[in-house]
Amino acid sequence: MTANYRSRLGEIDIVATDRDCLVFVEVRYRRNHQFGRAVTTVDEHKQRKLIMTAQGFLAKHPRLASRVCRFDVIGFDGDDVRWLKDAFRPW
């Protein structure tokens, strides 16, 4: 649907749909997991920023605002890929 949505509030890497659900996806990359997994870098601060950016997106696209929303995190650690569906819930 949308890649690299940017606003003054922040950026969302991917905005997509999964059936009737609107999915906001954060993508993270680490060359290796020596200092932790890529998915663990989406801490509480980053989650709040993603939530605020998603709210801005919904305000600009009111026809989508009634959909159920989900936040996913995709982490790349070298060749290892982890996809956390419904990684956190804001509401």
Under 4.5 Å between any side-chain heavy atoms of [X] and [Y], yes or no?
{"X": "Leu22", "Y": "Phe24", "result": "yes"}
{"X": "His61", "Y": "Val15", "result": "no"}
{"X": "Phe88", "Y": "Leu50", "result": "yes"}

Revision key, fill the gap. Of all heavy-atom pairs linking Gly75 and Ala38, the shortest is CA-CB, 3.9 Å
Review point. Looking at Arg37 and Thr40, what are the two nearest heavy atoms and their distance?
Key: O-OG1, 2.6 Å
Point to revise | Spacing of Asp18 atom CG and Asp86 atom CG [to the nearest 0.5 Å] | key: 10.5 Å
**Study point:** Between CG on residue Leu58 and OG1 on residue Thr53, distance to nearest 0.5 Å
**Key:** 11.0 Å
Check your understanding: Does CG belonging to Asp43 count more than 12 external heavy atoms closer than 6.0 Å?
Key -> yes
Point to revise | Pairwise salt bridge (Lys or Arg N to Asp or Glu O under 4.0 Å) hits with a residue in residues 45-60, at least two apart | key: Glu26-Lys46, Glu44-Arg48
What donor-acceptor contacts under 3.5 angstrom involve side-chain atoms of residues 3-12, with partners at least two apart or in another chain?
| from | atom 1 | to | atom 2 | distance (Å) |
| --- | --- | --- | --- | --- |
| Ser7 | OG | Leu9 | N | 3.1 |

Check your understanding: Residues two or more places apart in sequence or in another chain: which of them pass salt bridge (charged side-chain N to carboxylate O under 4.0 Å, His left out) with Asp72?
Key -> Arg70
Exercise for review: Would you please name every residue forming a salt bridge (charged side-chain N to carboxylate O under 4.0 Å, His left out) with Arg67, sequence neighbours left out?
Suggested key: none
Practice item. Please write out which residues are connected to Ile74 in a hydrophobic cluster, directly or through intermediates, given that two of Ile, Leu, Val, Met, Phe, Trp, Tyr count as joined at side-chain heavy-atom separations below 4.5 angstrom. Key: Ile14, Val23, Val25, Val27, Tyr29, Phe76, Val81, Trp83
Revision key, fill the gap. Apart from Val68 itself, members of its ILVMFWY cluster (side-chain separation under 4.5 Å) are none
**Study point:** Val42 with Met52, same ILVMFWY side-chain cluster at under 4.5 Å
**Key:** no
